[in-house]
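Predicted model, so just to flag it, every value in this text is computed and none were measured. Every chain is numbered from 1 and lettered A, B, ... according to where its sequence line falls, protein lines coming before strand lines.
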Amino acid sequence: MLDLKLIRDNTAAVEAALKKRGPTDYLGPLRRLDEERRRLATAADELKRRRNAASEEIGRRKKSGQDTAASQQEVKALGRQIAEMDGNLRQLETDLRAALLAIPNLPHAGVPLGADASGNVVARAWGAPREFDFAPRPHLEIAEKLGIVDFGRAGRLSGAGFPLFVGAGARLERALIRFMLDLHTREHGYLEVAPPYLCNVAAMTGTGQLPKMAEDMYYMPADELYLAPTAEVPVTNIYREEIIERELPIRLVAYSPCFRREAGAAGRETRGLIRVHQFDKVEMVQFVAPDQSYAALESLTANAEDVLQRLELPYRVVALCAGDLSFAAAKCYDIELWAPGQNAWLEVSSCSNFEAFQARRANIRRRNAAGKVEFVHTLNGSGVALPRLMVALLENGQQADGTVALPPALAPYMDGETVLRPGEKEQRL
RNA sequence: GGAGGGAUGGCAGAGUCCGGUUGAAUGCGCAUGACUCGAAAUCAUGUGUGCUCGCAAGGGCACCGGGGGUUCAAAUCCCUCUCCCUCCGCCA
């Protein structure tokens, strides 16, 4: 959510910044609502002032035994007027908030211009894609041969897009989660949390998934709860409606499964682990002082990159252009892993600075050095998403004989296992 | 799911039965000042948030868990929801 005062006082600048995202006009109706609301509120406040004064007078007169019937009638009439104005006011406020919630964040000045993904800029790359002396196979084939993922049977349980990991696959999933959590907590200074996976409307609105993305969420109507599409939602909302007393920055990391309906993505990348309805992810979230947030974005991104470097996987960092930026982000880096079997770059992490956009929605504040209460800046980034990471591990580590070599960093988490081989009978379903 | 108890300012805690000038006693904490070489103690003063009007000084409105109602007037009465505590039931 943007600051209404900023919109009011710097309309032209806000408009220009929003235009970088695309041609939509967000501000027109909002300004009209804002002016109307203030006009009406001022008028209603004046009537309330009169009513308060008159009521007090009645109290005094009653105490001294005077008759008050006439003035009571008068104040009652005033009350009816006030009720009507308050009704209109409430409607205006609802409309105003809805309009405000529908406006995306302003792109940071350093964000590249561009209308869509083709405008994104590769900021840096790490590691050289491996040379193969055989044709690299796609992950689905490798996984099938190893017997570590079973999509067929998973379909029976839930439907397409829900992976079922088996044996070494399940073990690798667990190893990766532990590896990443350990790295971020022990070496990058994050505090681990294990949040709820079902979130209420307020939480979903706080981080910006609602109202815009409702179609992409799994919803439990009986309890009015949403399955979290990312740990960003429960973790960021930990401090909702709080004035944070702890010293900033606060760095939190959480493992969670993520649930996404991917409505509208049907048919796109639907095979294998590339795009699924349920997946695991380790997510980093930071709450920082406003003047620190861009430095924090760089270090957060570096924390995610460190995961990939230790796993010896080639990747590149892409600065998203204004047109490709997600709704709530002011600036965002995507990290993409090289997948030789797909011959494609796969996004495994999105590191964003939301500035005060989420904090204002969720009312997350702190007291600054001057003692003033102000909104914090929030950031988050995947550190990293599991399915595509597994794709990259399988495709980059594959060997001519169908086995897969794992990076040494994982050995302690895999009971020393360094090569994935086709499982024995009892290791398969 | 059922019965009962509770939710008041940064914290503790009065006020709620019997509605009236109560944004709210008192204590603690915090800030500033006095005293002191300095500190403690003591004394004095101040100490919430949001919206809004105003160049400013300074006003106004709202907020006693959330929402709604009764009333000229609600922290106080009524309804409802949420959360916490105790007990009963159910349950991995």
- Message: Working note: A/D95 + A/Q91, criterion side chain to side chain donor-acceptor pair (under 3.5 Å); need CA distance, chi angles, decisive distance, verdict.
- Response: CA-CA 6 Å; A/D95 295 348; A/Q91 187 57 50; 3.0 Å; yes
- Pairwise P distance for B/U80 and B/U76, with rounding to whole Å: 16 Å
- Can you tell me how far C1' in B/C91 sits from the matching atom in B/C78, rounded to whole Å? 36 Å
- Item | Between B/G2 and B/G9 - C1' atom distance, rounded Å | 36 Å
- Query: If the P atom of B/G67 is compared with that of B/A62, how far apart are they to the nearest Å?
  - Reply: 14 Å
- Query: When you list every nucleotide of RNA chain B with an atom under 4.0 Å from a heavy atom of chain A, which one comes first 5' to 3', and which comes last?
  - Reply: B/G20 to B/A73
- Please lay out, stage by stage, how A/R90 and A/E93 fare under the test salt bridge (charged side-chain N to carboxylate O under 4.0 Å, His left out). CA-CA 5 Å; A/R90 202 167 15 233; A/E93 273 163 3; over 6 Å; no
- Message: Rounding to an integer number of angstrom, what distance separates B/G59 and B/G46 when you compare their P atoms?
- Response: 15 Å
- Side chain A/D150, main chain A/G152, donor-acceptor under 3.5 Å: yes
- Query: A/Y218 vs A/F162 aromatic rings, parallel, tilted or perpendicular, using cut-offs 30° and 60°?
  - Reply: tilted
- Item | Residue mapping more 5' on RNA chain B - nearest nucleotide basis, A/D45 or A/R365 | A/R365
- Item | Shortest non-hydrogen contact between A/P229 and A/Q209, atoms and distance | CG-CG, 4.0 Å
- So which nucleotide does B/G33 pair with, by the Watson-Crick or G-U wobble rule with both distances under 3.5 Å? B/C43
- Mate of B/U21 where both pairing distances stay under 3.5 Å, Watson-Crick or G-U: none
- Roughly how far apart, to the nearest Å, are B/C81 and B/G10 at atom C1'? 28 Å
- Message: Does the structure show a Watson-Crick or G-U wobble partner for B/U76, both distances under 3.5 Å? Name it, or say none.
- Response: none
- Quick one: label A/R80 by what it contacts on the DNA or RNA (base, sugar-phosphate, nothing), any heavy atom closer than 4.0 Å. nothing
- Task: Go ahead and name the base partner of B/U26; Watson-Crick or wobble counts if both distances stay under 3.5 Å, otherwise write none.
- Result: B/A12
- Task: Evaluate the criterion side chain to side chain donor-acceptor pair (under 3.5 Å) for residue pair A/T236 and A/E232; output intermediate values, then yes/no.
- Result: CA-CA 6 Å; A/T236 305; A/E232 164 193 351; 5.3 Å; no
- Query: Who does B/U71 pair with, Watson-Crick or G-U, both distances under 3.5 Å?
  - Reply: none
- Message: So that I can tick it off, tell me whether A/E242 and A/R365 are bridged by a salt bridge, with the cut-off set at under 4.0 angstrom between side-chain N and carboxylate O.
- Response: no
- Take atom C1' in B/A74 and the same atom in B/C87, then report the distance between them in whole Å. 33 Å
- At under 4.0 Å between heavy atoms, what does A/S71 touch on the DNA or RNA strands: base, sugar-phosphate, or nothing? nothing
- Task: Could you measure between the two P atoms, the one in B/G23 and the one in B/U16, and give it in whole Å?
- Result: 16 Å
- Task: Describe the nucleic acid contact of A/R8 in one word from base, sugar-phosphate, nothing, applying a heavy-atom distance below 4.0 Å.
- Result: sugar-phosphate
- Query: Using purine N1 to pyrimidine N3 plus N6-O4 or O6-N4 for Watson-Crick, or N1-O2 and O6-N3 for G-U wobble, each under 3.5 Å, what pairs with B/A92?
  - Reply: none
- Message: Tell me which nucleotide, if any, is Watson-Crick or G-U wobble paired with B/U86 when both distances must be under 3.5 Å.
- Response: B/A3
